Amino acid sequence: MEKFVKRQSWRSKENEKIQKLENFMKIPHEIMLIIMNFLDGISLLNLSMVNKKLRYHTQDNLLWLEVCLREYPVNMMNIVKDKRRTPLIHNYKWLDIWKEFDRKNYTYVFTEKENFAIPHRWYESTSDKNHPKTIKTNYKFFELFAVFVSIYPGTYELIWEMKIGKIHEGCNFKFNTKIVDHNWNKILKTYSYKPKPEEFKGMSNKGWCNFKVPNKIVIEHEQHVKTEFRRYTTLEENEGSLWFESLELYCVHLQRCTNDGLDSSKNNQTLSKSIKRLTKIFSY
């Protein structure tokens with residue numbers, strides 16, 4: 001009897017959840033647009049993968065125009081200044097434009113950056129169709145930098161896409177990340193992380209892998225990010241060490257945390273005069 005009561009209670013709770021979901025699905029598109037305006041681009045993409053109905057809501061072109069204006073005002077200003085693109089503004093698919101901006105601002109592909117000079121102790125290489133051009137090293141010591149500008153305020157994680165060859169003992173690694181003010185004059189915050197040997201051993205000879213640096217990087221308005229990956233020899237007490245036979249890198253991705261906990265009032269304050277001006281230009 002007790003099992004029956006528990007089963008009935010579980011079923012009633014499940015039915016209640018289903019009913020709430022069905023009621024949510026009945027919300028008109030206009031109301032959903034108001035709700036979705038509180039979400040950033042990454043959250044909207046995640047929402048679009050829930051079901052077909054929500055995917056329909058998230059495909060609204062004007063919604064993605066608002067997201068582009070809010071998250072990438074500098075890039076949008078460049079579109080306005082480009083006289084060849086301005087007449088076509090109202091025909092753009094803003095979701096595709098947002099993805100273009102996202103890749104440009106949040107993914108640092110080493111060999112695709114303009115005026116990119118291959119760092120000392122690295123050389124250009126090729127891997128597969130998903131990684132047509134990479135940089136590779138066989139040296140025991142190196143430093144490598146990546147810079148991100150025009151970042152939307154929030155909390156982020158850094159993901160390095162790498163391919164690790166056979167691992168030997170003999171060297172150590174460190175990730176350093178600096179948050180810099182918009183004039184590049186002052187370092188506001190510094191994050192450091194030394195991976196444990198077992199973290200890299202699991203990726204050895206496994207092909208392309210994503211290594212997520214566990215630091216949560218908090219970025220506010222008009223701040224830049226400079227991140228560094230280096231290999232060194234000085235070891236602290238009881239510190240393990242590794243050496244790669246080869247290391248290949250494709251890109252660094254700055255991934256926004258879904259629930260970043262950044263005060264929404266700060267986000268609202270970041271709407272500068274340029275964004276208001278853009279809103280008037282792009283208004284239908």
Side-chain angles (χ1 to χ4, degrees), residues 24-25 27-82 85-109 148-159 182 216-225 251-284:
F24 180 73
M25 290 297 102
I27 296 176
H29 181 63
E30 292 76 14
I31 305 299
M32 283 298 299
L33 286 178
I34 296 172
I35 296 171
M36 292 187 297
N37 260 319
F38 290 94
L39 301 178
D40 57 39
I42 295 295
S43 300
L44 284 171
L45 286 181
N46 292 335
L47 185 65
S48 70
M49 292 185 283
V50 174
N51 57 40
K52 290 182 179 179
K53 183 71 173 177
L54 289 176
R55 180 175 176 79
Y56 163 75
H57 289 310
T58 57
Q59 299 304 300
D60 189 274
N61 202 36
L62 284 177
L63 172 66
W64 284 100
L65 171 58
E66 291 291 332
V67 175
C68 288
L69 288 169
R70 188 168 63 241
E71 297 188 10
Y72 301 112
V74 176
N75 300 84
M76 295 294 278
M77 284 300 296
N78 291 335
I79 289 182
V80 173
K81 291 176 183 177
D82 190 343
R85 301 182 73 176
T86 303
L88 304 173
I89 281 173
H90 298 299
N91 298 326
Y92 285 161
K93 291 184 178 179
W94 291 106
L95 172 55
D96 294 338
I97 296 293
W98 181 88
K99 289 179 179 178
E100 177 187 326
F101 290 161
D102 181 72
R103 179 172 175 80
K104 182 178 180 180
N105 288 272
Y106 291 93
T107 302
Y108 191 101
V109 181
F148 299 90
V149 297
S150 302
I151 303 301
Y152 187 69
T155 304
Y156 295 83
E157 293 174 313
L158 280 163
I159 300 173
H182 68 286
K216 303 288 184 182
I217 302 167
V218 179
I219 301 171
E220 297 183 8
H221 185 48
E222 294 187 342
Q223 293 180 355
H224 309 306
V225 178
C251 71
V252 190
H253 185 66
L254 193 63
Q255 178 175 279
R256 181 165 184 164
C257 301
T258 306
N259 299 313
D260 58 23
L262 193 69
D263 187 0
S264 60
S265 63
K266 290 184 180 180
N267 284 343
N268 293 333
Q269 292 172 6
T270 63
L271 290 174
S272 61
K273 291 181 181 179
S274 62
I275 299 180
K276 292 179 181 178
R277 179 188 167 196
L278 282 168
T279 305
K280 291 180 181 178
I281 294 173
F282 286 96
S283 60
Y284 284 78

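The model shown is predicted, which means the values in this text are computed figures rather than measured ones. Note: hydrogens, waters and symmetry copies are ignored here, and every other heavy atom, side chains too, is used.
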- Query: Which value, rounded to the nearest 0.5 Å, describes the distance between L158 atom CG and L254 atom CG?
  - Reply: 5.0 Å
- Item | Counterpart residues, salt bridge (charged side-chain N to carboxylate O under 4.0 Å, His left out), relative to R55 (two or more places apart) | none
- Query: Do Y92 and L65 come within less than 4.5 Å of each other through their side chains, counting heavy atoms only?
  - Reply: no
- Item | Any residue meeting ring pair (Phe, Tyr, Trp, His ring centres under 6.0 Å) with H253, in chain and number order, not counting sequence neighbours | none
- Message: Test of understanding: with side-chain contact (heavy atoms from CB on, under 4.5 Å), list the residues that count as partners of K104, not counting sequence neighbours.
- Response: N75
- Task: Mind checking salt bridge (charged side-chain N to carboxylate O under 4.0 Å, His left out) for K99 and listing every partner two or more places apart, or none if nothing turns up?
- Result: none
- Message: I'd like to know whether W98 forms a side chain to side chain contact (heavy atoms under 4.5 Å, CB included) with L45, so could you lay out the CA-CA distance, the side-chain angles of the two residues, the decisive distance to 0.1 Å, and finally the verdict.
- Response: CA-CA 11 Å; W98 181 88; L45 286 181; 3.5 Å; yes
- Message: side chain to side chain contact (heavy atoms under 4.5 Å, CB included) for I219 and F148? Distances and angles first, verdict last.
- Response: CA-CA 11 Å; I219 301 171; F148 299 90; over 6 Å; no
- Query: If you round to the nearest 0.5 Å, how far is CZ of R103 from SG of C251?
  - Reply: 7.0 Å
- Item | Closest non-hydrogen atom pair between C68 and I97, with its separation | SG-CG2, 4.3 Å
- Note on the structure: Distance col, row E220:CD vs T155:OG1, nearest 0.5 angstrom, shows 9.5 Å
- Identify the two heavy atoms, one from H182 and one from H224, that lie closest to each other, and give their separation to 0.1 Å. O-NE2, 3.2 Å
- Message: To check you understand the geometry: which heavy-atom pair defines the closest contact between D102 and Y72, and what is its length?
- Response: CA-OH, 3.4 Å
- Should Q59 and L95 be marked as a side chain to side chain contact (heavy atoms under 4.5 Å, CB included) after you check the CA-CA gap, both sets of side-chain angles, and the distance that decides it? CA-CA 8 Å; Q59 299 304 300; L95 172 55; 3.6 Å; yes
- Test side chain to side chain donor-acceptor pair (under 3.5 Å) on N46 and S43 and set out the steps. CA-CA 5 Å; N46 292 335; S43 300; 5.4 Å; no
- State, with a plain yes or no, whether a side-chain heavy atom of Y106 is found less than 4.5 Å away from one of I42. no
- Sorted by chain and residue number, the side-chain contact (heavy atoms from CB on, under 4.5 Å) partners of I34 (sequence neighbours excluded) come out as none
- With H29, which residues qualify under side-chain contact (heavy atoms from CB on, under 4.5 Å), at least two apart? L33, Y56, H57, D60
- Which heavy atom in T58 sits nearest to a heavy atom in W64, and how many Å separate them? O-NE1, 2.6 Å
- Message: Any non-hydrogen side-chain atom of L63 less than 4.5 Å from a side-chain atom of N37?
- Response: yes
- Query: Is there a donor-acceptor contact under 3.5 Å from the side chain of E71 to the main chain of G41?
  - Reply: yes
- Query: Counting distance only, does the side-chain N/O of N105 pair as donor-acceptor with the main-chain N or O of I151 below 3.5 Å?
  - Reply: no
- Query: So how far is it from L69 CG to M76 CE, rounded to the nearest 0.5 Å?
  - Reply: 4.0 Å
